[in-house]
Amino acid sequence: MRVLLLGGTTEASLMARLLAQAGVDAIFSYAGRTAAPRQQPLPVRVGGFGGPEGLAAYLRDTGITRVIDATHPFAAQMSKHAITACAKVDVPLLAFERAPWIPKQGDNWLTVPDVVNAVAALPVMPAKVFLAIGKQLIRVFATRPQHEYLLRLVDSPEAPLPLANANVVIARGPFTEEGDTALMQHHCITHVVAKNAGGMGARAKLDAARALGLPVILIDRPVMPPRVIARTPEDVMKWLGHPACLGV
Ligand code: 3Y8
Ligand code: NAP
């Protein structure tokens, strides 16, 4: 058995540890989005495959017999390419998908289908907005220059940001409720914009917003085509059916 683990999330890092402990022949894959991604206990490859065709060729050439897609729910293009490529070369694919966050007592969430609707949901009057959505989507907020933005990025921006009135915090998660509460108080945040990523690595800002009584504009994740899904690492290991995996 040889496994390709499409990574870039807390869950992928957890799977990497379990596969390494079980002695499974596996390769961890990053897109190469960040300057210094977390080290992994597996051989790592970095960079795109060259579309579904490139991924299909990679699977054939590398002798991959299973693919685990543990990418982020908003990494929809990678996940769609994995579905296409695995079907093309008849390699079983499993998505390790974390459940979406659901509101708790005291949450003040407005859910929107995409980032354009998130911009439209902001008030007309100037606000102080915590944009905890990384850097790929922030340019859409340039149409609302009346607000002051707090951006949290993994790496320092190489080019000027598309937002005139923005403070930048460089940090990689996982984050804590205490840390995010202090950050939002320090910047007098009035609104939080976030993606419904699920998982534990990014949920702190939602708990901090609840504690501070702040509204959250939450962007729904893209809808994916049908695929086999696991919600726990134990189910992933069972799906692999590798003798060393069954004892997990
Ligand atoms: C390159 C790998 C680990 C995995 C950690 C998780 C948790 C922290 C929360 C906030 C939200 C955001 C962002 C975020 C989180 C985990 C997880 C998660 C959100 C790393 C990583 C890579 C990336 C890519 C990066 C994106 C950006 C998104 C920042 C590593 C740290 C906002 C998503 O500068 C850029 O271009 C950044 C791009 C895609 C979204 C965006 O659109 O900008 N993640 N994040 C992966 C690769 O190259 O394949 O560097 O170590 C992984 C993690 N990010 O094991 O510790 O599992 O969710 N990542 C979001 O959820 O909204 C931060 O600030 O509150
Ligand atoms: P995306 O938009 O779905 O993918 C864009 C292209 O990046 C893909 O078509 C593929 O290139 C390449 N790619 C993506 N993930 C890859 C991986 N794990 N290994 C190799 N190539 C990969 O992806 P994204 O949203 O930019 O996310 C990129 C990475 O960051 C993923 O690993 C994801 O798990 C992680 N991440 C994303 C978010 C987020 O908010 N989007 C949050 C946390 C972590 P080719 O077409 O050339 O193969």
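Along the sequence shown, the residues carry numbers beginning at 1. Keep in mind that this is a model prediction, so the values were computed, not measured. Each ligand, and each atom within it, is numbered from 1 in the order the structure gives.
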- Task: Consider every N or O of Ser79 and every N or O of ligand 2, then say whether any pair is closer than 3.5 Å.
- Result: no
- Check Arg33 against ligand 1 and report side chain, backbone, both or neither, counting heavy atoms closer than 4.0 Å. both
- Using a heavy-atom cut-off of under 4.0 Å, does the side chain or the backbone of Ala76 touch ligand 2, or both, or neither? backbone
- Query: In Å, rounded to the nearest 0.5 Å, how long is the span from CZ of Arg98 to OG1 of Thr9?
  - Reply: 5.5 Å
- Item | Heavy-atom nearest neighbour in the protein, as seen from atom 42 (C) of ligand 2, with distance rounded to 0.1 Å | His72 CD2, 2.9 Å
- Message: Return the closest protein heavy atom for atom 27 (O) of ligand 2 as residue, atom name and distance.
- Response: Ala75 CB, 3.9 Å
- Shortest protein contact, atom 26 (O) of ligand 2 (heavy atom only): Arg33 NH2, 2.6 Å
- Item | Closest protein heavy atom (residue, atom, distance) for atom 30 (C) of ligand 1 | Arg172 NH1, 2.9 Å
- Decide whether an N or O pair under 3.5 Å exists between Ala31 and ligand 1. yes
- Message: How far is atom 65 (O) of ligand 1 from the closest protein heavy atom, and which atom is that?
- Response: Arg152 NH2, 2.8 Å
- Query: Of the protein's non-hydrogen atoms, which lies at the shortest distance from atom 21 (N) of ligand 2, and what is that distance?
  - Reply: Gly47 O, 3.4 Å
- Of Glu11, Arg98, Met200, which has the heavy atom at the shortest distance from atom 6 (C) of ligand 1? Arg98
- Of Arg203, Arg152, Lys205, the residue whose pairing with Asp180 passes salt bridge (charged side-chain N to carboxylate O under 4.0 Å, His left out): Arg152
- May I ask whether Gly32 has any heavy atom positioned less than 4.0 angstrom from an atom of ligand 2? no
- Query: Which is it for Ala132 and ligand 1 at heavy atoms under 4.0 Å: side chain, backbone, both or neither?
  - Reply: both
- Message: I'd like to check which ligand 2 atoms, numbered from 1 as shown, lie under 4.0 Å from a non-hydrogen atom of Gly51.
- Response: 45 (P), 46 (O), 47 (O), 48 (O)
- Is it the side chain (CB and beyond), the backbone, both or neither of Phe175 that lies under 4.0 Å from ligand 1, heavy atoms counted? side chain
- Measuring from the heavy atoms of Arg45, does anything fall under 4.0 Å of ligand 2? yes
- Task: Write out the residue and atom name of the closest protein heavy atom to atom 5 (C) of ligand 2, then the distance separating them to 0.1 Å.
- Result: Gln77 NE2, 3.7 Å
- Query: Are any of the N/O atoms in Ser29 less than 3.5 Å from those in ligand 1?
  - Reply: no
- Task: Look at atom 36 (O) of ligand 1 and say which protein heavy atom is nearest, naming residue and atom and giving the distance to 0.1 Å.
- Result: Lys135 CE, 3.2 Å
- Measuring to protein heavy atoms, does anything land under 4.0 Å from atom 30 (O) of ligand 2? no
- Strictly under 4.0 Å, does any heavy atom of Gly54 approach an atom of ligand 2? no
- Item | Between Arg2 and Thr65, a side-chain donor and acceptor under 3.5 Å | no
- Message: Under 4.0 Å from a heavy atom of Gly8: which atoms of ligand 2 are those, numbered in the order shown and with their elements?
- Response: 32 (O), 34 (O), 35 (C), 36 (N), 43 (C), 44 (C)
- List every atom of ligand 1 that sits less than 4.0 Å from any heavy atom of Ile133, numbering the atoms from 1 in the order shown and giving each element. 32 (C), 40 (C), 41 (C), 42 (O), 43 (O)
- Query: Looking only at N/O atoms, are Thr10 and ligand 1 under 3.5 Å apart anywhere?
  - Reply: yes
- Before accepting this row, confirm whether a basic side-chain N of the pair Asp235/Lys238 lies closer than 4.0 Å to the acidic partner's carboxylate O. yes
- Message: Taking a cutoff of less than 4.0 Å between a non-hydrogen atom of the residue and any ligand atom, is Val154 in contact with ligand 1?
- Response: yes
- Among non-hydrogen protein atoms, atom 17 (C) of ligand 2 lies closest to Ala31 N, 3.5 Å
- Which bit of Ala197 is near ligand 1, meaning a heavy atom under 4.0 Å away: side chain, backbone, both or neither? side chain
- Message: Checking the N or O distance criterion of under 3.5 Å, is ligand 1 in contact with Gly32?
- Response: yes
- Task: Look only at interatomic distance and state if Thr9 has a nitrogen or oxygen under 3.5 Å from any nitrogen or oxygen of ligand 2.
- Result: no
- Query: Below 3.5 angstrom, do we get any N/O pair linking Gln136 and ligand 1?
  - Reply: yes
- For atom 32 (C) of ligand 1, which candidate among Gly134, Ala194, Ala35 holds the nearest heavy atom? Gly134
- Within a distance under 4.0 Å of any heavy atom of Gly173, pick out the atoms of ligand 1 and give their elements. 8 (C)
- Please report which non-hydrogen protein atom sits nearest to atom 55 (O) of ligand 1, along with the residue it belongs to and the distance in Å to one decimal place. Ser13 OG, 2.5 Å
- Query: For ligand 2, which atoms sit closer than 4.0 Å to a heavy atom of Ser29?
  - Reply: 17 (C), 18 (N), 19 (N), 20 (C)
- Note on the structure: shortest atom 32 (O) of ligand 2-to-protein heavy-atom contact is with Gly7 O, 2.8 Å
- Item | Minimum-distance protein heavy atom relative to atom 52 (C) of ligand 1 | Gly8 O, 3.2 Å
- Message: Looking at ligand 2, is there an atom of it that comes within less than 4.0 Å of some heavy atom belonging to Gly50?
- Response: yes
- Message: Give me the residue, atom name and distance of the protein heavy atom closest to atom 4 (O) of ligand 2.
- Response: Met78 N, 3.8 Å
- Do ligand 2 and Lys195 have nitrogen or oxygen atoms that lie under 3.5 Å from each other? yes
- Should one rank His72, Arg38, Lys195 by closest heavy-atom distance to atom 61 (O) of ligand 1, which comes out on top? His72
- Which protein non-hydrogen atom lies closest to atom 2 (C) of ligand 1, naming both residue and atom, and how far is it? Tyr30 CE2, 3.8 Å
